[in-house]
Asks: 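For reference, the structure I am asking about is given below.
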Protein chains: 2
Amino acid sequence: MPRKVIETAEYESLAAEAYSIVRLRILRGDLEIGQIISRRKLATELGMSFLPVSEALMKLEFEGLLESRPRAGTRVRIPTIQDVQGHYIVREALEVQAARLFAAAATANEKQELTRLAVRVDSLASQPDADRYHYLSLHEKLHRRIAECARCGALSEAIEKTHALASTWMCVGRHSEGQGPRRTHQDLMEKLCAGDTEAAAEGMRRHIVSSKDRAVERLQPFFQMGAARGTTYARSARNQFAPPVLLAS
Amino acid sequence: MPRKVIETAEYESLAAEAYSIVRLRILRGDLEIGQIISRRKLATELGMSFLPVSEALMKLEFEGLLESRPRAGTRVRIPTIQDVQGHYIVREALEVQAARLFAAAATANEKQELTRLAVRVDSLASQPDADRYHYLSLHEKLHRRIAECARCGALSEAIEKTHALASTWMCVGRHSEGQGPRRTHQDLMEKLCAGDTEAAAEGMRRHIVSSKDRAVERLQPFFQMGAARGTTYARSARNQFAPPVLLAS
DNA sequence: AGTCGCAAACTGGTATATCAGAGCACGGTC
DNA sequence: GACCGTGCTCTGATATACCAGTTTGCGACT
């Protein structure tokens with residue numbers, strides 16, 4: 001019964017380990033949108049039983065990254081265009097709230113730290129050959145730190161839960177080339193640090209809305225795939241799309 | 001192997017059935033804050049196996065109604081004061097967004113329907129002897145319908161997930177007597193239907209903030225209970241408080 | 001050649017059994 | 001009398017086995 005897939009971290013339960021691994025694979029792009037996941041095969045591969053894997057996938061489904069039908073199968077969620085737009089509306093509500101609190105509560109040190117982080121995020125977004133997961137981690141960290149500096153645990157928790165979903169959608173599609181270096185996150189941080197609460201909120205709002213527009217545009221081919229969902233389950237999932245490419249948000 | 005606890009509804013899985021039952025019991029007040037739940041006993045009682053129950057409790061924990069420690073036990077969550085305040089900050093963000101969309105998208109029929117509903121909610125809140133769960137259902141329905149009329153599935157889903165939590169906290173404590181009839185929700189609906197987007201948003205913001213203040217006040221005795229959480233797990237949960245009483249929000 | 005139907009293979013869901021760790025009561029010690 | 005250790009009991013976590021429903025490929029039929 002082999003039990004070595006990753007040994008960098010010690011998890012408190014097998015289910016937690018499986019959860020991290022699958023989540024990583026989705027964000028990394030190893031598992032593409034629509035790809036089917038077999039709980040049994042995954043369990044064998046990870047050297048654990050069916051139950052922990054099942055529990056992990058259930059949690060990921062609850063977070064919106066996966067979708068499953070009772071006895072048919074589990075696959076990486078294929079969003080509809082309403083899903084994506086709605087998701088960004090939720091994110092807008094949460095992160096604007098965070099921006100407001102951030103502007104009021106963040107210390108000078110924190111503002112400096114996050115501004116530096118924003119520079120790294122933007123520069124990574126401009127590199128077409130950057131590792132997708134590396135970029136995502138950094139981007140997620142920036143948004144998470146903003147929420148944390150807002151001094152509200154429940155809010156940052158809620159944002160973290162919605163963010164993984166955004167990440168998977170954000171990275172799909174082709175990298176729009178020749179756009180030159182981006183300054184999206186640096187601009188955002190400027191607004192957040194200016195000291196004006198409402199300006200910070202408005203800055204975040206625009207940031208999210210423009211992310212939404214890009215995500216919608218990029219996911220276009222998948223929406224038709226999602227439309228075929230009503231018919232068969234696995235047949236539509238077999239459609240193969242071009243592998244996802246890193247893109248800025 | 002007896003299988004009859006409630007037979008009013010047919011569930012697609014045993015886990016879904018267990019989820020509904022436990023959720024109902026928490027909202028109803030049969031399970032109080034801090035009370036310990038044994039998966040095995042519950043499984044026996046419901047006439048099903050350990051696994052579906054486990055799955056149901058896991059989902060409830062994810063929603064924030066329960067808390068568990070790996071091999072120690074599961075209990076109804078004892079919030080800290082930061083938990084409650086943070087939770088209402090999240091709700092504020094989401095529901096203000098919903099109010100904004102509602103003001104723009106709701107039809108005249110829907111506005112009329114929800115205004116009537118608001119009257120019922122307020123009148124039930126004024127009755128000290130009203131059934132707690134009945135009131136909660138109606139209150140939840142009002143807020144859910146507002147979100148639904150905002151025409152954004154992801155948003156109403158997010159609100160629904162956060163709302164059950166609020167419900168459990170909202171009902172704890174003693175009914176503040178002699179306050180006379182409330183008009184909280186009727187006032188809210190007036191703002192939402194006035195036609196001005198920003199006025200609607202502001203009206204919802206105030207509604208949530210005042211709910212928060214009342215919840216914090218009412219949960220005061222439990223916060224000390226939560227503070228003892230660091231020491232022993234079960235001992236602090238054994239503390240018995242006065243049974244919860246219906247109260248308006 | 002296209003379509004329909006059937007059966008094998010696979011899916012997730014559930015039951016039972018077992019394991020390791022946490023809580024807690026009891027009894028001994030200081 | 002207060003404190004600490006020890007062991008019993010109960011908790012959730014996991015493995016294995018089995019079941020019912022879904023998918024799908026292959027073959028027969030039109």
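Below, chains carry the letters A, B, ... as their sequence lines are ordered, and counting in each starts from 1.
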Asks: B:R39 CZ to C:dC19 P: how many Å, rounded?
Replies: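 One finds 21 Å between P of C:dC19 and CZ of B:R39, rounded.
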Asks: Rounded to whole angstrom units, what separation is found between the CD atom of A:E17 and the P atom of D:dA13?
Replies: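 In whole Å, D:dA13 P and A:E17 CD are 15 Å from each other.
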Asks: Out of D:dA13, D:dT16, D:dA15, which nucleotide sits closest to the side chain of A:M48?
Replies: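 Of all the options, the side chain of A:M48 is nearest to D:dA15.
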Asks: Carefully, step by step, assess B:R39 and B:S54 under the rule side-chain hydrogen bond (donor to acceptor under 3.5 Å, both in side chains).
Replies: CA-CA 6 Å; B:R39 307 194 175 190; B:S54 186; 2.6 Å; yes
Asks: To the nearest Å, how far apart are B:F50 CZ and D:dC10 C1'?
Replies: 11 Å
Asks: Counting the atoms with a prime plus P, OP1 and OP2 as sugar-phosphate, which does B:I37 contact under 4.0 Å by heavy atoms, base, sugar-phosphate, or nothing?
Replies: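 Sugar-phosphate: the residue B:I37, judged by heavy atoms under 4.0 Å, touches backbone atoms but no base.
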Asks: Find the distance B:M58:CE to D:dT14:C1' and express it as a whole number of Å.
Replies: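 Rounding to the nearest Å, CE of B:M58 and C1' of D:dT14 are 12 Å apart.
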Asks: Looking at B:K141 and B:E113, is any side-chain nitrogen of the basic one under 4.0 Å from a carboxylate oxygen of the acidic one?
Replies: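 Here B:E113 does not pair with B:K141 in a salt bridge, since their nearest N and O are not under 4.0 Å apart.
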Asks: For a salt bridge (charged side-chain N to carboxylate O under 4.0 Å, His left out) check, start with the C-alpha distance between A:E45 and A:R25, then their side-chain angles and the critical distance, and finish with the verdict.
Replies: CA-CA 14 Å; A:E45 181 192 340; A:R25 289 190 184 176; 2.8 Å; yes
Asks: Whole angstrom is fine here: how far is it from CD in A:E61 over to C1' in C:dT11?
Replies: 14 Å
Asks: For a quick check of understanding: with a heavy-atom distance under 4.0 Å over all strands, which category does B:S13 fall into, base, sugar-phosphate or nothing?
Replies: sugar-phosphate
Asks: Assign each of A:L51 and A:R71 to its nearest nucleotide of DNA chain D by heavy atoms, then name whichever residue's nucleotide is nearer the 5' end.
Replies: A:L51
Asks: Quick check: any donor-acceptor pair below 3.5 Å linking the side-chain of A:R69 to the base of C:dG12?
Replies: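 Side chain to base: no pair present.
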Asks: Using whole Å, report how far CD1 of B:I36 lies from C1' of D:dC10.
Replies: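 One finds 11 Å between C1' of D:dC10 and CD1 of B:I36, rounded.
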Asks: With nearest nucleotide decided by heavy atoms, which residue, B:P52 or B:R40, maps closer to the 5′ end of DNA chain C?
Replies: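 The residue closer to the strand's 5' end, by nearest nucleotide, is B:P52.
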Asks: Sequence neighbours left out, what passes salt bridge (Lys or Arg N to Asp or Glu O under 4.0 Å) with B:E61? Give chain and number order.
Replies: none
